[in-house]
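This report concerns only the one structure given below.
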Number of protein chains: 2
Amino acid sequence: MSDGRAAQIYGGESLLFLTDEQLRQGIEAMFFAYRGFTADPDRILADMAYGRAHHRAIHFINRAPGTTVNNLLAILGVTKQSLNRVLRTLVADGLVESRVGTSDKRERHLFLTEAGQSLESQLSDAQRARMRAAFRDAGPEAVAGFKQVLEAMMDTDMRRAYVKLRDGS
Amino acid sequence: MSDGRAAQIYGGESLLFLTDEQLRQGIEAMFFAYRGFTADPDRILADMAYGRAHHRAIHFINRAPGTTVNNLLAILGVTKQSLNRVLRTLVADGLVESRVGTSDKRERHLFLTEAGQSLESQLSDAQRARMRAAFRDAGPEAVAGFKQVLEAMMDTDMRRAYVKLRDGS
DNA sequence: AGCATACGTCAGCCTTGTTGACATTCCAAG
DNA sequence: CTTGGAATGTCAACAAGGCTGACGTATGCT
């Protein structure tokens, strides 16, 4: 597996960016960057009774208003019991509204209330500010590469969900 | 905060890559990609009594053999109690060796045993394989951009730790 | 009528984070 | 030499947020 100093030339093109050293740098970059990525919303949520799980639910409900529980389950990749615990508190606190489906009454469609949207903005603003600063520092070409690599790193199902959110809505 | 459709022109340069839409894509890309990033090691660890916390400890001990507990604490960003619980099991299971410092006997220097190195390779190989595939798919320029954006996204302390691991050792 | 689906919920477990309190060991400064 | 502070270890208690398993209720489809 480990290819050591893989300073190979393949098809006339240098593959120096695929050395174990380069890959390890990528791994550590992901680790450290993800910490920064979640730091600001985490700080805001720490004061309330909420955590990262609530943030994720709020984000994707805002992103796709009216989405069903099952849908959200698939995107978040958690069990319904886990999600339900989070949704229950959000509904109880009046941040999320759960409406029975019209065509299929088994389904519940999820919406943010005004209070929910307000919190979403707060969290989103903080996270976007950091992302904006990073994007600005790195420049457009770097941003394109950033997205390209991340997309290639996703599992197939997640990539589908990502692309669907990005392109269609 | 929210700048809506920020199709501004500033200093003659297009900032279309800084629209809220672009930033949201970046945010969701990080979320989905991180899931893929941790998926393979998580699967391996699920069979054992270990979790992601053990992986992180093993990774950085392998990366900087002989590192002190305090050092590891700073890098991982958790409390000593939290780390200690993980280290205790790893030492008990013979994956990590904790040697009393020679110059300062208060410090414990951490090393992977052979069994520890073996597990590290297993986890690392899985994670590197995915990273390698993503890097190969995206190409060298994308990889450069990827790292650039991630580095810009880190907190100052984490960036320092990242750069130190990357450059000096 | 009967099976499958969508959702909610209860109970219990695990990992991994947190605080707080306290003991030990050692270095260094007075 | 004593004492204070630093580094570490450990115990206890707790919370968030994952998980499985089981069960109940509507609803939809065949």
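Quick note on labels: first sequence line is chain A, next is B, and so on, each numbered from 1.
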Using nucleotides 20-26 of chain D, report all nitrogen or oxygen pairs with the protein that are shorter than 3.5 Å.
unit_1: dG21(D); atom_1: O6; unit_2: Gln81(A); atom_2: NE2; d: 2.8

Kindly write out the residues that satisfy ring pair (Phe, Tyr, Trp, His ring centres under 6.0 Å) with Phe60(A), not counting sequence neighbours, or none if the list is empty.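 Ring pair (Phe, Tyr, Trp, His ring centres under 6.0 Å) list for Phe60(A), sorted by chain: Phe31(B), Phe32(B).
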Going by ring-ring contact (aromatic ring centres under 6.0 Å, His included), name the pairs with one or both residues in residues 100-142 of chain B, residues two or more places apart or in two chains.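 As it turns out, the ring-ring contact (aromatic ring centres under 6.0 Å, His included) pairs with a partner in residues 100-142 of chain B, which skip direct neighbours, are Phe135(B)-Phe146(B).
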Would you say a side-chain N or O of His54(A) is under 4.0 Å from OP1 or OP2 of dG17(D)?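 Affirmative; the distance criterion is met.
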Give every residue pair that meets the side chain to side chain donor-acceptor pair (under 3.5 Å) criterion with at least one member in residues 69-79 of chain A, sequence neighbours excluded.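 Residue pairs with at least one partner in residues 69-79 of chain A: there are none.
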Enumerate the side chain to side chain donor-acceptor pair (under 3.5 Å) contacts for residues 97-107 of chain A, please, sequence neighbours excluded, ordered by first and then second residue.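 The answer is Glu97(A)-Arg99(A), Asp104(A)-Arg106(A).
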Applying salt bridge (charged side-chain N to carboxylate O under 4.0 Å, His left out), can you list everything that pairs with Arg52(B), at least two apart in sequence or on another chain?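 Arg52(B): salt bridge (charged side-chain N to carboxylate O under 4.0 Å, His left out) contacts with Asp42(B).
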Expressed in angstrom and rounded to an integer, what is the separation of Tyr50(A) atom OH from dA16(D) atom P?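 My rounded result for the distance is 12 Å.
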Measure CE/Met48(A) against C1'/dA15(D) and give the value in whole Å, please.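 One finds 18 Å between C1' of dA15(D) and CE of Met48(A), rounded.
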What residues form a side chain to side chain donor-acceptor pair (under 3.5 Å) with Tyr34(A), not counting sequence neighbours?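 Tyr34(A) satisfies side chain to side chain donor-acceptor pair (under 3.5 Å) with no residue once adjacent residues are dropped.
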With sequence neighbours left out, write down each residue that passes side chain to side chain donor-acceptor pair (under 3.5 Å) with Glu28(B), or none if nothing qualifies.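 Here the qualifying residues are His59(A), Arg63(A), Arg24(B).
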5' priority, DNA chain D, between Thr102(A) and Gly51(A) [closest heavy atom]: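 Nearest nucleotide further toward 5': that of Gly51(A).
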Name the nucleic acid region contacted by Ser103(A), choosing base, sugar-phosphate or nothing; use a 4.0 angstrom heavy-atom cut-off, strictly under.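 Sugar-phosphate only.
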Would you mind classifying the nucleic acid contact of Arg85(B) as base, sugar-phosphate or nothing, using non-hydrogen atoms under 4.0 angstrom?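 Base contact.
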Should Val100(B) and Leu110(B) be regarded as members of a common hydrophobic cluster, given that ILVMFWY residues are connected when their side-chain heavy atoms come within less than 4.5 Å of each other, either directly or indirectly?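 No.
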Identify, residue by residue, the members of residues 67-77 of chain A with a heavy atom below 4.0 Å from DNA chain D, and return them in order of residue number, or none.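 Here the set is Gly77(A).
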Could you list where the contact with chain A starts and ends along DNA chain C, reading 5' to 3', using a 4.0 Å heavy-atom cut-off?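 Listing 5' to 3', DNA chain C meets chain A from dT5(C) to dC10(C).
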Inter-axis angle, terminal five-pair segments of the helix from dA1(C)-dT30(D) to dG30(C)-dC1(D) [nearest 10°]: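 Comparing the axis at each end, I get an angle of 20°.
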Can you pull out every salt bridge (charged side-chain N to carboxylate O under 4.0 Å, His left out) where at least one residue sits in residues 142-151 of chain B? Sequence neighbours excluded, please.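 Sorted result for residues 142-151 of chain B: Glu151(B)-Arg166(B).
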